Amino acid sequence: MPRSDEASAFFYAVYSAVQEIPPGKVTSYGHIAKLIGTPQRPRQVGVCLKHLPSDPEARFNNATVPWQRVINSRGIISPRSQPSGSRNQAAALEAEGVTVTTGPLGELMVNLAEFGWFPRILPSEEAEGLEPEDSSDDDED
DNA sequence: CAGTTGACCCCCG
DNA sequence: GCGGGGGCCAACT
């Protein structure tokens with residue numbers, strides 16, 4: 001649990017943003033951080049998910065927040081302390097129809113070109129011309 | 001109470 | 001494309 005109200009607000013912002021990820025899609029910690037207006041703290045996003053309550057009575061819990069849809073920027077399920085955790089995340093994604101492949105080193109990878117979720121980008125980024133899609137020609141969807 | 005850790009990311013050679 | 005380094009900050013030792 002967060003020790004301050006400010007931290008709690010951040011936690012809630014993260015959980016709310018994660019809930020916006022549609023089933024069958026994945027996004028990155030950094031993307032979530034950007035969405036809630038704190039692009040400098042992708043790490044804290046991971047902290048929030050790590051401390052996601054299992055208590056069904058909680059406002060946000062591991063059943064109502066699709067934590068499994070958040071992976072790292074490289075399209076790989078971030079390894080954590082317990083290997084069973086990342087493996088469990090992979091299983092949860094597979095259950096949603098997301099194909100998870102295992103790399104040569106045992107990394108659990110997701111094809112971002114197919115399962116990546118990038119519809120919500122900050123207006124400032126669009127102004128910078130950093131749009132994720134190109135109208136001229138594209139090869140995915 | 002000072003120092004580490006970590007479900008991360010981006011910049012620079 | 002790979003390795004090093006900096007930044008971020010709650011939780012933990």
Side-chain angles (χ1 to χ4, degrees), chain A residues 1-134 136-141:
Chain A
M1 320 262 290
R3 298 177 182 274
S4 69
D5 296 329
E6 195 173 338
S8 297
F10 181 82
F11 272 58
Y12 290 165
V14 170
Y15 296 149
S16 297
V18 172
Q19 288 182 323
E20 293 185 54
I21 309 172
K25 292 290 182 181
V26 297
T27 193
S28 68
Y29 299 92
H31 191 185
I32 296 298
K34 286 182 180 180
L35 287 181
I36 64 179
T38 55
Q40 307 301 97
R41 291 164 228 157
R43 277 202 110 176
Q44 301 317 99
V45 173
V47 171
C48 293
L49 296 179
K50 181 177 185 178
H51 287 269
L52 189 59
S54 55
D55 178 14
E57 298 298 301
R59 171 125 142 251
F60 294 102
N61 57 66
N62 56 17
T64 62
V65 178
W67 55 272
Q68 69 270 20
R69 294 172 199 158
V70 185
I71 63 179
N72 68 29
S73 190
R74 296 174 296 189
I76 298 172
I77 295 174
S78 297
R80 34 181 206 320
S81 311
Q82 291 300 314
S84 55
S86 52
R87 173 67 182 80
N88 181 38
Q89 182 171 1
L93 287 175
E94 291 279 11
E96 293 187 341
V98 176
T99 303
V100 180
T101 59
T102 303
L105 301 178
E107 322 91 20
L108 300 172
M109 312 182 295
V110 175
N111 187 339
L112 292 182
E114 183 169 12
F115 301 106
W117 180 66
F118 303 101
R120 301 200 172 197
I121 302 298
L122 293 179
S124 56
E125 289 198 338
E126 293 186 34
E128 295 294 326
L130 299 179
E131 300 173 66
E133 66 174 356
D134 185 292
S136 307
D137 63 302
D138 55 82
D139 55 293
E140 72 271 302
D141 177 14

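In what follows, chains are A, B, ... by sequence order, proteins preceding strands, each numbered from 1. Source: prediction; values computed, not measured.
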Phosphate contact (dC9(C) OP1 or OP2) by R41(A) side-chain N/O below 4.0 Å: yes
By the 4.0 Å heavy-atom rule, please label T38(A) as base, sugar-phosphate, or nothing. nothing
Interatomic distance where CD1 belongs to I36(A) and P belongs to dC8(C) [whole Å]: 16 Å
How many Å lie between CD on Q40(A) and C1' on dC8(B), as a whole number? 12 Å
Which whole-number value in Å describes the distance from I76(A) CD1 to dA7(B) P? 15 Å
Once you round it to whole Å, what is the distance between P of dC8(C) and CZ of F10(A)? 13 Å
Nearest-neighbour nucleotide for the H51(A) side chain, dA11(C), dC10(B), dC8(B) considered: dA11(C)
With C1' as the reference atom in both, quote the distance from dG4(C) to dA7(B) in angstrom, rounded to an integer. 23 Å
For Q44(A), report the nucleic acid contact type (base, sugar-phosphate, nothing); a contact means any heavy atom under 4.0 Å. base
Of the candidate nucleotides dC9(B), dA7(B), dA11(C), which contains the atom at the shortest distance from the side chain of S28(A)? dC9(B)
With the threshold set at 4.0 Å, does a side-chain nitrogen-carboxylate oxygen contact exist between R69(A) and E96(A)? yes
Measure OH/Y29(A) against C1'/dC10(B) and give the value in whole Å, please. 17 Å
If the cut-off is 4.0 Å, is S73(A) near the phosphate of dC8(B), judged by side-chain N/O to OP1 or OP2? no
For F60(A) and S16(A), which heavy atoms make the closest approach, and how far apart are they? CZ-OG, 3.6 Å
State whether the side chain of E57(A) and the backbone N or O of D55(A) hold a donor-acceptor pair below 3.5 Å, judged by distance alone. no
